[in-house]
Amino acid sequence: MTEARRDALTTLAARAGELATPSVTAPLVEAIYQSTVYAFPDLDALEAGMAGQADAYFYYRNATPNGTTLERAVAALEGTEAAACAASGMAAISAALLSVLGAGDHVVTDERVYGVTYALLRDELPRFGIEVSFVDALDLDAVRDAMRPNTRVLHVESLTNPLMTVADVPALAEIAHAHGALLSVDNTFASPAVFRPAEHGADLVTHSLSKYLSGHSTAFGGVVAGRADLVAAARLKLVRLGGTVSAFDAWMTMQGLKTLGLRMRAHSGNAQAIADVLQNHPRVKRVYHPGLESHPQFQLADRLYPDGFGGMLSLEVEDAAQFVKRLAGRIPLAPSLADVVSTLSHPWSTSHRALSEDDRRRLGITPGLLRFSVGIEDISDLLEDLERALE
Ligand code: PLP
C-alpha cells in the first residue's frame, strides 16, 4: 500500500461511524450515550450552550442524556423538583452536605448512620472547619438540644442499618426548619416505593443507586433529590469534585428502576412474612423489623409506611457463624443489600467494624446479629432455607 493510500485510510477510519440519520421509528429503550464530548455546529451554538441558554450537552462530567433521564425518573418517584445523579451514594451524600456546609457551620446527625457516612462526618468535615454533633435521632429532645444558631443541616436515614429504627421525618423536619436548618434524609433502605421523605418535609433526599433503585447489584451510583436550587448547588459540587455518574450506570439503573414498584411489593411481603415467623422461633433471640408490634417505633412506622417497609430485617442468633455456614449456597454472605436475591451480612465484622466494641454493643450490634436483605424469591423456599439453618 502506498503512503498516500495509508494516510487516506487513516483519515477514513478516524472519521468513520457517522451518526445514523434519525429514522421515522425511535428505539423503545434509550441508547447509551457513551460519547464524552459533544460537537457544536458553530460558535453561536457553543456560546448559547456554555452560557446555559440552550439545552446542550457538552462534556461527560457535567451531564449525559442517560444521567438526565435517570434524574427525571428519580425526581418523579421522590416527588421532588429535581435530582442530580452521582458516581456513588457517598458522592451524593458528600455533595449534598458540602453544598450547604462551610467553615464555621454545624451539622447534627443521627449516630446510627451508615459507617462511611459516619466516618465522613467524624473525620473529614471537621478538617474543613465544620462542626459535627452525633445524637440519638430517636430522642427528639436530644436533637432539639443539639441544634445551634450555626446548624445548617440535620442528617438522618429514613430506616437505619442494621436495626431498622424509623426516623420521625415530619418531626425532624419541623425541628430543623424551626432552627433555620435543612433536613437531609438518606432514603436508601426504604426506596421511594415505600417512603418519600420530601412529602414529609425533608429538603435533601439521597440514595445509593446500587441498592433498591437499580435492584440487581449490577449498577453503581448515587442521587440527590430535592428543591431545584438545592439540587443545582449539589450538582455544582459533583461537577467540581468529579463525582458524576457514568452513562452506563445511569442506563443500567433505569432498567432496574422500571420494576421498582413490583420488586418492592415482593421484598416487603417476604420480609414481613419472615419477620413474623422468626420472631416466634425458639432459636432466634430477637428480630428487628418495623412491621412487628415488638418494634419500638411500630406505631410511627405504621403511620409513615402504609405500603410496607421494604426488604430489610435483622435477627440475632446464638451462633452467627453456624447459621451463615448452614445457609451457604442458598443465601450468600455478601456485604451489600437490596438485590432481587436474598443476601446476609454481618454488621459486627463489616459495616460497623470501625466502631469500638463498646460502641457496637451500645448500639445493639452484637456478634450474633445478622442483617438479612430479603429478596423476591418464593417465600416458601426462603422459609424452608431459614428453618433448615436454624434446626
Ligand atoms: N447510605 C446507605 C444507607 C448505605 O447502605 C450505603 C452503602 O451501603 C451508602 C449510603 C453508600 O453508598 P455507596 O456505597 O453507593 O457509596
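A quick note: this is a predicted structure, and the numbers were derived from the prediction, not measured. Every number for a ligand or one of its atoms is a count from 1 in the order of the listing.
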**Among R112, H352, R371, the one residue meeting side chain to side chain donor-acceptor pair (under 3.5 Å) with N161** = R371
Give every donor-acceptor pair under 3.5 Å between a side-chain atom in residues 286-295 and any protein atom, sequence neighbours left out.
unit_1, atom_1, unit_2, atom_2, d
H289, ND1, G291, N, 3.0
H295, ND1, Q297, N, 3.0
H295, NE2, M164, O, 2.6

**Request:** Any pair with a residue in residues 62-83 that passes side-chain hydrogen bond (donor to acceptor under 3.5 Å, both in side chains), sequence neighbours left out, goes on the list, sorted by first then second residue, please.
**Result:** E30-N66, E30-T69, Y57-T68, E71-R235, E78-N187, E78-H207
**Message:** How close do G67 and C85 get, counting heavy atoms only, and between which atoms?
**Reply:** O-SG, 4.1 Å
**Item:** Non-hydrogen atoms of A87 and T244 that approach each other most closely
**Value:** CB-O, 3.4 Å
**Request:** Kindly state each residue pair satisfying ring-ring contact (aromatic ring centres under 6.0 Å, His included) with at least one member in residues 177-203, sequence neighbours excluded.
**Result:** F195-H200, F195-Y305
May I have every N or O pair linking ligand 1 to the protein at under 3.5 Å, one per line with atom names and distance?
unit_1, atom_1, unit_2, atom_2, d
ligand 1, 1 (N), D186, OD2, 2.6
ligand 1, 8 (O), K211, NZ, 3.3
ligand 1, 12 (O), S208, OG, 3.2
ligand 1, 15 (O), G89, N, 2.8
ligand 1, 15 (O), S208, OG, 2.8
ligand 1, 16 (O), G89, N, 3.1
ligand 1, 16 (O), M90, N, 2.8

